[in-house]
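Being a predicted model, the structure only gives us computed values, none of them experimental.
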Amino acid sequence: MKIVAIGGGEIGRPNRDGGRYPIETREIDKEIIKLTGKAHPTALLLPTASGDSDTYYPTFERYYCKMLGCKTDVLYLIKEKLSKPEIEKRINRADIIYVGGGNTLRMLKVWRKLGVDKMLERAGNQGTILSGVSAGAICWFKYGNSDSMKFGSKKSFQLIRLRGLDFVDFMACPHYDQEKSRRPTLKRMIRSYGGVSIALENGSAIEIINDTYRIVTSLKDAKAYRVYKKNGKVKEDALPIDKQFRPLEGLVV
């Protein structure tokens, strides 16, 4: 299975001033495309976490199609009522699955109700590249450090330890450098539950190929960490950033 989980970063969406945010994940996205072995692969956007946002796909198409040379498609699972065979057909003809950011908890509920979780697992086992940013990064892991409780609520909220698809037997945390609550809450979760988490700053991604991994970055000084508990204390180790793939089992405490 090939997975590229991106901790955060913009892909050129419109801003309030009539311009666009800068593209911050280009090197990572080029690596996703390279993994397919095709010059013009088909990239399928799943914007479920954003509630099938109307603006997400035009941005994705402008970037992945017009700038990166992919053929693009979008799969709306909330605002379109597609049959399960049609959903699986769309998933199976994609070379890249790209999952957008947003409400991870709602997204996973929709996926599980429709059987999309199993469809994605089958696609990944057949060679489709599984990728995404933020919610689209942590969903592939056993657990995620998630801000899903903030959506639809005007009150204060807490980050939660959310059960993901469990394609990777670790926890994952996005936006590790951009959101001040991420680091302390992740450490509390690790202190309470143990295990290992991959913490990704914006502009960093973990690229997993079967039982190996490496860190890929697209922003200067972007980092990724292993967070774990040892001898009763929570520790944080920066992961190496180079071209070398390392065994995933080396991350286990």
Task: Pi-cation contact, Tyr225 with Arg183 (under 6.0 Å, within 45°) - done: yes
Open item on the list: Is the terminal nitrogen or CZ of Arg13 (NZ for Lys, CZ for Arg) located under 6.0 angstrom from the six-membered ring centre of Tyr21 and within 45° of that ring's axis?
Closed with: yes
Where the side chain of [X] meets the backbone of [Y], is there a donor-acceptor pair that is under 3.5 Å apart?
X	Y	result
Asn103	Leu105	yes
Asn125	Met1	no
Arg214	Glu207	no
Asp166	Asp169	no
Ser134	Gly101	no
Asn15	Asp17	yes
Lys229	Arg191	yes
Thr217	Ser204	no
Glu10	Pro22	no
Arg182	His175	no

Open item on the list: Looking at Lys71 and Asp95, is any side-chain nitrogen of the basic one under 4.0 Å from a carboxylate oxygen of the acidic one?
Closed with: no
Task: Short N-O contact, Lys223 and Glu236, less than 4.0 angstrom - done: no
- [ ] Decide side chain to side chain contact (heavy atoms under 4.5 Å, CB included) for Val252 and Val196; before the verdict, give the C-alpha distance in whole Å, the side-chain angles of both, and the deciding distance to 0.1 Å.
- [x] CA-CA 7 Å; Val252 178; Val196 173; 5.6 Å; no
I need the [X] [atom1] to [Y] [atom2] distance, nearest 0.5 Å.
X	Y	atom1	atom2	result
Glu31	Arg26	CD	CZ	15.5 Å
Arg161	Lys142	CZ	NZ	8.0 Å
Thr128	Asn92	OG1	CG	7.0 Å
Ile78	Arg106	CD1	CZ	5.0 Å
Tyr76	Asp54	OH	CG	6.5 Å
Ile138	Ile6	CD1	CD1	13.5 Å

Task: From CA spacing to verdict: side chain to side chain contact (heavy atoms under 4.5 Å, CB included), Ile206, Trp140 - done: CA-CA 11 Å; Ile206 183 167; Trp140 311 115; over 6 Å; no
Contact check, side chains of [X] and [Y], non-hydrogen atoms, under 4.5 Å:
X	Y	value
Tyr213	Leu251	yes
Leu200	Tyr176	no
Val74	Glu61	no
Cys173	Met189	no
Leu75	Ile91	yes
Leu165	Leu108	yes
Ile96	Ile33	yes
Arg90	Glu86	yes

For the [atom1] atom on [X], are there more than 12 heavy atoms of other groups (residues, nucleotides or ligands in this structure) within a distance under 6.0 Å?
X	atom1	answer
Phe245	CZ	yes
Glu249	CD	no
Lys79	NZ	yes

If you take all heavy atoms of [X] and [Y], which pair is closest and at what distance?
X	Y	answer
Met107	Cys139	CE-CB, 3.7 Å
Leu162	Ser146	CD1-OG, 3.8 Å
Tyr228	Ile190	C-CG2, 3.6 Å
Ser218	Glu27	CB-OE1, 3.2 Å

Hphob cluster co-occupancy, [X] + [Y], side-chain heavy atoms under 4.5 angstrom:
X	Y	result
Ile87	Tyr56	no
Phe170	Val216	no
Tyr64	Ile28	yes
Leu239	Leu186	yes

Open item on the list: If only side-chain N and O atoms count, and only distance matters, is there a donor-acceptor pair under 3.5 Å linking Asn145 with Thr185?
Closed with: yes
- [ ] Output all residues satisfying side-chain hydrogen bond (donor to acceptor under 3.5 Å, both in side chains) with Thr25, sequence neighbours left out; order by chain, then residue number.
- [x] Asp29
TODO: Show your working on side-chain hydrogen bond (donor to acceptor under 3.5 Å, both in side chains) between Thr72 and Tyr98 and close with a plain yes or no.
DONE: CA-CA 10 Å; Thr72 56; Tyr98 185 103; over 6 Å; no
Task: Identified side chain to side chain contact (heavy atoms under 4.5 Å, CB included) counterpart of Val4 within the set Leu35, Val133, Ile208 - done: Leu35
